[in-house]
Amino acid sequence: MIKSNTILSILFIVVTLFSCSKQTQKVTSEIVELGAMELLLSKMTLEEKIGQMTQYNGFWDATGPVPEEGSSMEKYNDLKNGRVGSLLNVSGVDEVRKLQEIAVNETRLGIPLIFGLDVIHGHKTLAPIPLGEVASWDLEAIEKSARMAAEEASARGINWTFAPMVDITRDARWGRVMEGAGEDPFLGSLVGKARVRGFQGNDLSKNNTLAATAKHFAGYGFAESGRDYNAADVGSVTLFNTILPPFKACIDVDVATVMNSFNTLNGIPATGDTYLQRDILKGEWGFKGFVISDWGSAGEMVAHGFAKDLKDAAIIAANAGSDMDMESYAYIRHLAEAIEEGSVPIKYVDDAVIRILKIKEALGLFEDPFRYCDKERENSLPYHKDHAALVRDIAKKSIVLLKNEDALLPLKKDQKNILVIGDLAQDKNSPLGSWRIGSDDNTAISVNEGLENKSVSFSYEPGPTLISEPATFIKEVVINNEDKSGFDEAVNKAKSADVIIMVLGEHGFQSGEGRSRTELGFPGFQQQLLEAVHAVNQNIVLVVMSGRPLILNWADEHVPAILETWQLGTETGNAIADVLFGDYNPSGKLPMCFPRSVGQLPLYYNKLNTGRPGPSDMVFWSHYGDESNEPLYPFGYGLSYTKYEYSNLSVTKDGTNNILVSIDVKNVGNFEGEEVVQLYIRDVVASVARPIKELKGFEKVSINPGSVQTVKFKVTKNELGFFNTNGKFVFEAGNFEIMVGPNSVELEKKTIEL
Ligand code: BGC
């Protein structure tokens, strides 16, 4: 991905560095020997090098007057003096151009800036939150969604996104589960690759692509107790088999950058972890891009008790391989001194700078620093008219049908007397989720609008409001637990309705960074309202909106139909209406288990068996006295308006010990549908205890009513092997169970010996 030097970039440097032709000749031959970026490096002062390793948050409205005092003025001076390599949270062509002009025209070497932003699930047009998208199990759609995000963000001057987050997450208390791909490393790896491909396209130097970031390296998703920023403590088997594979998958498709993480992993802050960054990432895996710290994470090593002050933090981070410092000022303030006194070898600085310059080169910024500054493109946002259609498509594919007793769904469009209940049904903001920096507030199609767009006639009762103050990115959401107005009206109206669509869940700003929860039920008056409505009318379709698995035990027991709809982004209401009224037959499958109780967390399907898996009549087996071990809805689970029958599982091997699997899936219902056929393995006996099930393949197939599809898989040593305690990948011959089915529980099984 890091392109070889282009003639134009050589010329650019030559022109920038030297004006007299004698010198030019000399430089041209040096370039051939060294490479343009190496040559550029050789011309840089230490200060300029450290500048490249520094990223500032956007500090000034660049189209306005220049800062005259305070920290903004200091940063402005740094920028003019070539002491800044990158800015984040600046967007818009005018802003970007203005800042880039300073870097290119006013600094000694004219090295362009790279502009980073959290382009997480769309930009102006928002797709479903990442966890929701993964429920589609549609890698092509996921890639397209990232492509669309790149098209839109790049039109606003951005050339680098801090996505995808590829942290594996097993604990729904952690608010950032919304940003990842769920609990499974196999699925997470494929999704990570699809997202990187989508963002980066096949040529980073095009003006519609973004450099991507695999984050957060590593272990951030294993925050103890699901509390954000908390320590992670994992053994090597979990590190190598569960946490690292999605990062490696992103490296395999040339992700441009990797972001380290806030947490300590086994006592070492990730930003200061030499083993992770130098030995594994840049060493064993041969990663050629650069590592960006997370926001202030270098400086936070002081609070971790790992660095004595900011200078010490700079030394530790630079030595450990953290190439660019996001907003902790550690490098810009202290690295020069640390190098001069010999605490950080200059070769580490040179290595970091070369990595950064080469990504800038790959983005084509040396050829044209204003490549991403096309006002016309920006003005035509959303760039393609079909972006709404694209996100609607992935939104409807992301919806998971959790329950559908007596085929209550789909509803008929001429269904009489529909009552919609719930504050979230009219909400145009919450469905955008908490990562929506490039979009405008209140721009989602609400559920009510989605129904109106289908010309469905219905009446509406909001019930009590969900929040009592406007929710924002930086503040804790204030849930309304006081004002019950609207409650009785909703219950009274429910008495005479034929069908009730209840839209309940958590607010979009209740999940995301810094948004951990210990209670995973419906906040505010919602559960009470659900029970009161149910007491007068049971014909309820429950539409759940959430950024994480919620606990839905009561609803599962009492409500006939339940849809999990996450936060689906701009086209929320249209996608939900498509599914409610049968214009789309739901095909989503859960990328995380839905627990029965917070006490079960962390909860994941690919667990170890324990020595006492039970069940047993006595208490001495691995279980809870007051709750089942099993999730309410397992990983991979999701229903359809049709039914599929699985039969004829065949498991054989070929001459080179690949396992060949086939199964027939028949659509025995009345709707055409898409089914995600899932393959799991178990390595029965191994030198390291292996999980009872591991996803190792899936196919999403479309099947007409009455038709059969034969789905085939080839399972190779890559899928059958594992990393041992030393991080070595091994394949051990023996018995393997092969399981195929519609989710991680209802599986046909055969055993084969290799
Ligand atoms: C988050 C990162 C994000 C960065 C920049 C941090 O707080 O952990 O995921 O990319 O901020 O916004």
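Quick note: residue numbers are just sequence positions, from 1. The structure presented is a predicted model; accordingly, all values stated were derived computationally and were not measured. Read the numbers this way: they start at 1 and go in the same order the structure lists the ligands and their atoms.
- Residue pairs meeting the salt bridge (Lys or Arg N to Asp or Glu O under 4.0 Å) criterion with at least one member in residues 305-322, sequence neighbours excluded, are Lys311-Glu337, Lys311-Glu341.
- Judged as a side-chain hydrogen bond (donor to acceptor under 3.5 Å, both in side chains), the pairs with a partner in residues 181-192 (not counting sequence neighbours) are, in order, Asp184-Tyr605.
- At least one test fails for Arg170 against the ring of Phe222: distance under 6.0 Å to the centre or angle within 45° of the axis.
- In this structure, Arg278 is not positioned above the aromatic face of Phe287 in the sense of NZ or CZ being under 6.0 Å from the six-membered ring centre and within 45° of the axis.
- Contact residues of ligand 1 (protein heavy atom closer than 4.0 angstrom to a ligand atom; sorted by chain and number): Leu88, Asp118, Phe162, Arg176, Lys215, His216, Met259, Phe262, Asp294, Trp295, Met326, Glu513.
- By the ring-ring contact (aromatic ring centres under 6.0 Å, His included) test, Phe115 pairs with no residue at all, sequence neighbours left out.
- The number of heavy atoms from other shown groups lying within 6.0 Å of CD (Glu476) does not exceed 12.
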